[in-house]
2 protein chains.
Amino acid sequence: MLNFSTSEENYIKTIFHLQNGQNTVTTNALAEKLSTRPASVTDMMKKLKAKKLLHYQPYQGFRLSNEGKKVALDIIRRHRLWEYFLAEKLKFKWDEVHVVAEDQLIDKLDEYLGYPKSDPHGDPIPDSLGKMENSEQINLAELAVNKPAEVCRVVNQSDEMLELLQHKKITIGARVEIKRKFEFDHSIEIRLRQSKRNSSDQPSFSISEQLAKNIFVSL
Amino acid sequence: MLNFSTSEENYIKTIFHLQNGQNTVTTNALAEKLSTRPASVTDMMKKLKAKKLLHYQPYQGFRLSNEGKKVALDIIRRHRLWEYFLAEKLKFKWDEVHVVAEDQLIDKLDEYLGYPKSDPHGDPIPDSLGKMENSEQINLAELAVNKPAEVCRVVNQSDEMLELLQHKKITIGARVEIKRKFEFDHSIEIRLRQSKRNSSDQPSFSISEQLAKNIFVSL
DNA sequence: ATTAAAATTTAGACAAATCTAAAAAATACT
DNA sequence: AGTATTTTTTAGATTTGTCTAAATTTTAAT
Ligand SMILES: [Mn+2]
Ligand SMILES: [Mn+2]
Ligand SMILES: [Mn+2]
Ligand SMILES: [Mn+2]
């Protein structure tokens, strides 16, 4: 299914609701519902007709095509699942979920998540006042040999970087220890451990200086 | 704090990251990072300067003002909290959260919420194939006297309507029974019960035909 | 059947965000 | 210093979504 703009989605969703029962929707009714002007509605109807989302003959009103109805149901599904989430998980009142403001939502989400200190990449999350703690993290390239540490942050988050990390199985929270440093190309040999408990060690392997410089650890 | 467009927010967030350490950010660096053209960057810089979000003299590079930094931190907070939510609750891998597509997200959300059948207003939620069940709901205005039923849907969801419902304490899931119907104005006298168990009855009260017509119940 | 009113569409304009191509300024290089 | 290169800005278009005002079509009323 193609991708539609917020504006197009609004029109589609609203037509779906208005045409319930009635077989066509009028320009004025739609303009009224969307708090916009009839001329704007006509403009958009031409666009949606061109995209085959609705049937429309000038002066004759319009109704969604089957394709348009499919899109509408997808939009409605999204909308209602989010409303359910807001009410059920974030504890908004059922009559508030329509008009939740971004700031309010984020604060409730923060509360719901238990005020996490850092995101999945290890990046610190600012609190509601904008304060962001940066704990003492050191670059993996500068970690001393044989000093166990924990991967806590990955700076470069390009696809290429993340692909490499996944392949090497380096994840946030993993325990890591440098076994050797090579002067020639500044590559380092490291060993990962499953968890803090001394479970089965993995074999050691080497990573480039470039990769190491993008990984931060805490002791 | 004012409201900014998605585009403005992208610029602000990216400048924040780029200026870490450096004291100014260059036009080309920003264009590169945003995959846009230098000319577009200059255009936006004029706009953000006008809004006092950054310091900028032509040809001299730019940096966020204190106000701009505040906005950036707010954006970063939102972004990272959502990433945390995606990873922790919706179980996306930590290296997937950057590029989650809408469809995927919604399906995971659906799963996480336990495939709810209807939203907080009682509106049915279509499944991932677009199927939407409409259970036999009857209009409260047409419910027989002394026949207990459950409020399952509210059609008109205007602020005015929701305000009235809240005042009358009529909520989705509430048990309701019509005690009398008045022919004169078609108003009805109803009584609510706390739950399905026969707990303490509330006193009965009357509602207008107009309100009743917007409420649907199931038996 | 005319005329009046209402609904709808067209014409033309505007703001936001982007682009290409050309001009201007800053830097780098003999 | 004088020229070449790079960086940045301006000028002018384009796309999307909106608007007002005027024209057109449909519907309602005499
Ligand atoms: Mn809603
Ligand atoms: Mn992140
Ligand atoms: Mn991200
Ligand atoms: Mn709803």
Side-chain angles (χ1 to χ4, degrees), chain A residues 1-19 21-65 68 71-72 75 79 102, chain B residues 1-19 21-65 68 71-72 75 79 102:
Chain A
M1 208 177 286
L2 279 97
N3 228 29
F4 302 102
S5 71
T6 315
S7 192
E8 288 171 321
E9 292 199 346
N10 257 323
Y11 276 96
I12 294 166
K13 185 182 65 178
T14 307
I15 295 170
F16 183 91
H17 286 126
L18 285 176
Q19 81 180 13
Q22 284 74 36
N23 44 4
T24 63
V25 178
T26 65
T27 304
N28 273 359
L30 186 50
E32 162 86 7
K33 208 67 170 175
L34 290 170
S35 304
T36 187
R37 298 304 180 151
S40 306
V41 170
T42 302
D43 287 342
M44 184 61 92
M45 293 311 99
K46 286 178 188 165
K47 212 172 124 189
L48 295 182
K49 182 186 183 177
K51 293 192 179 186
K52 297 188 187 304
L53 294 176
L54 51 76
H55 303 291
Y56 163 59
Q57 290 302 121
Y59 296 100
Q60 302 302 130
F62 28 79
R63 64 183 199 288
L64 293 177
S65 67
V71 174
I75 294 164
H79 189 101
E102 186 77 13
Chain B
M1 212 178 285
L2 279 98
N3 228 30
F4 303 101
S5 72
T6 315
S7 192
E8 289 171 319
E9 292 200 343
N10 257 322
Y11 276 94
I12 295 167
K13 185 182 64 178
T14 307
I15 296 171
F16 183 90
H17 286 126
L18 284 177
Q19 80 180 13
Q22 283 75 35
N23 44 6
T24 61
V25 177
T26 65
T27 305
N28 274 358
L30 186 49
E32 161 85 7
K33 206 68 171 176
L34 290 170
S35 302
T36 186
R37 299 302 180 155
S40 307
V41 169
T42 302
D43 287 344
M44 185 60 93
M45 292 312 97
K46 286 179 189 164
K47 214 173 121 188
L48 296 183
K49 182 186 181 177
K51 293 191 178 185
K52 296 189 190 300
L53 294 176
L54 50 77
H55 303 292
Y56 163 59
Q57 290 303 120
Y59 296 99
Q60 303 301 131
F62 27 80
R63 61 182 203 286
L64 293 177
S65 67
V71 174
I75 294 164
H79 189 100
E102 187 78 14

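Computed over heavy atoms, backbone and side chain alike; hydrogens, waters and symmetry mates excluded. By convention in this document, chain letters (A, B, ...) are assigned in the order of the sequence lines, proteins followed by strands, and residues within each chain are numbered from 1.
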Can you tell me the distance, in whole Å, between the [atom1] atom of [X] and the [atom2] atom of [N]?
X	N	atom1	atom2	value
A/Asn3	D/dT16	CG	C1'	15 Å
B/Met45	D/dT10	CE	C1'	16 Å
B/Met44	C/dC19	CE	C1'	14 Å

Residues at least two apart in sequence or cross-chain that pass salt bridge (Lys or Arg N to Asp or Glu O under 4.0 Å) with A/Lys33, listed by chain then number, are none
Once salt bridge (Lys or Arg N to Asp or Glu O under 4.0 Å) is applied, do any residues pair with A/Lys51, and if so which ones, sequence neighbours excluded?
A/Glu8
Atom pairs under 3.5 Å: protein N/O with N/O of nucleotides 19-21 of chain D:
unit_1 : atom_1 : unit_2  : atom_2 : d
D/dC19 : OP2    : A/Thr36 : OG1    : 2.6
D/dC19 : OP2    : A/Arg37 : N      : 3.3
D/dC19 : OP2    : A/Ser40 : OG     : 2.6
D/dC19 : N4     : A/Asp43 : OD2    : 3.3
D/dT20 : OP2    : A/Arg37 : NE     : 3.1

Once you apply a heavy-atom cut-off of 4.0 Å, does B/Thr27 come out as touching a base, just sugar-phosphate, or nothing?
sugar-phosphate
Residues 9-19 of chain B side chain polar contacts: donor-acceptor under 3.5 Å, at least two apart:
unit_1  : atom_1 : unit_2  : atom_2 : d
B/Glu9  : OE1    : B/Arg78 : NH2    : 2.4
B/Glu9  : OE2    : B/Arg78 : NH2    : 3.0
B/Thr14 : OG1    : B/Asn10 : O      : 2.7
B/His17 : ND1    : B/Lys13 : O      : 3.3
B/Gln19 : OE1    : B/Leu64 : N      : 3.0

OP1 or OP2 of [N] sitting under 4.0 Å from any side-chain N/O of [X]?
X	N	result
B/Lys46	D/dT9	no
A/Asn28	C/dA6	no
A/Thr26	C/dA7	no

List in numerical order all residues of residues 50-61 of chain B for which some heavy atom is under 4.0 Å away from an atom belonging to DNA chain D.
B/Tyr56, B/Pro58, B/Tyr59
Residues pairing under ring pair (Phe, Tyr, Trp, His ring centres under 6.0 Å) where one sits in residues 34-59 of chain A, two or more places apart or in two chains, turn out to be A/Tyr56-A/Phe62
Can you tell me how far apart OG1 (A/Thr27) and CE (A/Met44) are? Round to the nearest 0.5 Å.
13.5 Å
Between CG on residue B/Asp43 and CZ on residue B/Arg37, distance to nearest 0.5 Å:
13.5 Å
Any donor-acceptor pair under 3.5 Å from B/Ser65 side chain to B/Leu53 backbone:
yes
For DNA chain C, find the residues of residues 6-13 of chain B with a heavy-atom distance under 4.0 Å and give them by number; none if there aren't any.
B/Ser7, B/Tyr11
Heavy-atom closest pair, residues B/Ala31 and B/Pro38
CB-N, 3.7 Å
Contacts of A/Gln60 that satisfy side-chain contact (heavy atoms from CB on, under 4.5 Å) - sequence neighbours left out:
A/Gln57
